[in-house]
There are 2 protein chains.
Amino acid sequence: MTEGRALKHVQVREYVRSLVSGAAPGSPAPSERELVQRFGVARMTVRQAMDALVVEGLLERIPGRGTFVARPRRVASRLTSYTEEMQRRGLLAESQTLLARREQAGPGVARALNLTEGDAVIHWRRLRRADGIPMCIEDAYLNEILIPGFLQAGMPTSLYEALDARGLRPTWAEDSITADVATEEEAGLLETETGAAVLRHSRRAVAEEKVVEVSRSVYRADRFTMWVQLGEEG
Amino acid sequence: MTEGRALKHVQVREYVRSLVSGAAPGSPAPSERELVQRFGVARMTVRQAMDALVVEGLLERIPGRGTFVARPRRVASRLTSYTEEMQRRGLLAESQTLLARREQAGPGVARALNLTEGDAVIHWRRLRRADGIPMCIEDAYLNEILIPGFLQAGMPTSLYEALDARGLRPTWAEDSITADVATEEEAGLLETETGAAVLRHSRRAVAEEKVVEVSRSVYRADRFTMWVQLGEEG
DNA sequence: GAGTGGTCTAGACCACGAT
DNA sequence: TCGTGGTCTAGACCACTCT
């Protein structure tokens, strides 16, 4: 209807999607035979369309009864950047670059980035604030080969948005989280006391099968609680 | 072959699965027409079988070339229990019950468990060790209605295994993680110093759409680093 | 009994990749 | 040119639910 060129199963799929988007969970979707009539296609074609929506988690089939809008599934946390995370909390995210330069990768960073020691990496150290108050210090190390001209382009507000623009938005990450107390230097930057509780967060972020970012952050524990959703429920 | 009763697409699917299990990523799977011949079924039946394995992430189709064993996908962390987590680290998990009784839910616990204040909950406090050394103190609150006779049955070694036996294995959880310093009481139990860094971990665990467990744990930061995998990569 | 989704057949034509 | 997966047809029978 809308697209003469579109594949039939795509047409049916998008028609059903538009029908049920916004509908309450449990609402009935059109029956398969009804869609066969409406689009004048074979039932297998309709099933192909519906299968996609079922896999997506939008629809749920109940044999003998029909097809219905599925209850939204609880899913694992999406990978978010600091900027997005603060926005979600209703806080204004700001960053102050303390350091941004080309360095030779040390042994730890090289291993984490799948590079050889001495390879060029970009080291970017920022003091990050939320609503104007220090929240964390982040040291990010980036694989320079993947993002040529990054330093010259001027530092972006959001690292993940900048990576996204290069088609390297991280989609998977391995994080480690531990508790510690602030060193004197950290306490100074974070405007807190030496010995105050801090959360240390390390991340190894992957995009397109390549490790693009390795970072170490230290958060003021009095300002930051990490939230994680794990697993998946039908 | 193996099962006369089995549906044809299941037979084909399991045959292909057995063929490619253990095969290196990139190895070719049988072509669809080859399977049509072998099983004497229609091509749509073979496609149904292969579709399932593709959705599962086991196979990958490349138009014009064939179907191949997919590279293992990076997925988000599974929901694990303390016992499983320590096993994964090669440590011996032990628990010492400090308290296990029926209580009336306070406001916080009631809200977290979707109950009304004053409803019966099971409060289970344990000192957990790893290789004999204190690792954390955990206070778990369980919805008694979902697990009648739990206290009388004798406390199990693993809470999650006990829930699993009742068909209530948590599949999804909402965790919060923050850093703090140990109180005097905590330090005593954990055999560390008052003011030492600790990781506070709260969990709200869901099984079958019902909140079954709410817990608060405090880990010795010198012994415990949390690992989390986020997102998903094709 | 009427309607639903689940399974299955025996073909067909297409675009694409390899040779 | 040949083999591959992608799409599509026009039927069929089944088990199940609802009324």
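Chain letters run A, B, ... following the sequence lines, proteins first, then strands; residues in each count from 1.
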Any N/O pairs under 3.5 Å between the protein and nucleotides 8-13 of chain D? List them or say none.
unit_1: D/dC8; atom_1: OP1; unit_2: A/Lys8; atom_2: N; d: 2.7
unit_1: D/dC8; atom_1: OP2; unit_2: A/His9; atom_2: N; d: 3.1
unit_1: D/dC8; atom_1: OP2; unit_2: A/His9; atom_2: ND1; d: 2.9
unit_1: D/dT9; atom_1: OP1; unit_2: A/Lys8; atom_2: NZ; d: 2.9
unit_1: D/dT9; atom_1: OP2; unit_2: A/Ala42; atom_2: N; d: 2.7
unit_1: D/dT9; atom_1: OP2; unit_2: A/Thr45; atom_2: OG1; d: 2.7
unit_1: D/dA12; atom_1: N6; unit_2: A/Arg43; atom_2: NH1; d: 3.3

Pull out every protein N or O sitting under 3.5 Å from an N or O of nucleotides 17-19 of chain D, one pair per line with the distance.
unit_1: D/dT17; atom_1: O4'; unit_2: A/Gly64; atom_2: O; d: 3.3

To the nearest 0.5 Å, how far apart are CZ in A/Arg13 and CG in A/Leu59?
11.5 Å

Regarding B/Arg169 and B/Glu84, does a basic nitrogen lie under 4.0 Å from an acidic carboxylate oxygen?
yes

Within a strict 4.5 Å, meaning less than it, do heavy atoms of the B/Leu159 and B/Leu142 side chains meet?
yes

Does the plane of the ring in B/Phe39 sit parallel, tilted or perpendicular to the ring in B/Tyr15? Use 30° and 60° as the thresholds.
perpendicular

State, with a plain yes or no, whether a side-chain heavy atom of B/Arg203 is found less than 4.5 Å away from one of A/Leu230.
yes

Between CD1 of B/Ile62 and P of D/dG6 the distance, given in whole Å, is 10 Å

Using whole Å, report how far CE of A/Met50 lies from P of C/dT7.
15 Å

Does C/dG5 have its OP1 or OP2 closer than 4.0 Å to a side-chain nitrogen or oxygen of A/Thr67?
yes

Angle class for the B/His123/B/Tyr141 ring planes (parallel below 30°, perpendicular above 60°, tilted otherwise)?
parallel

Would you give the length of the straight line joining atom OH of B/Tyr219 to atom CD1 of B/Ile177, rounded to the nearest 0.5 angstrom?
10.0 Å

Do A/Pro156 and A/Phe150 touch side chain to side chain, with heavy atoms closer than 4.5 Å?
yes

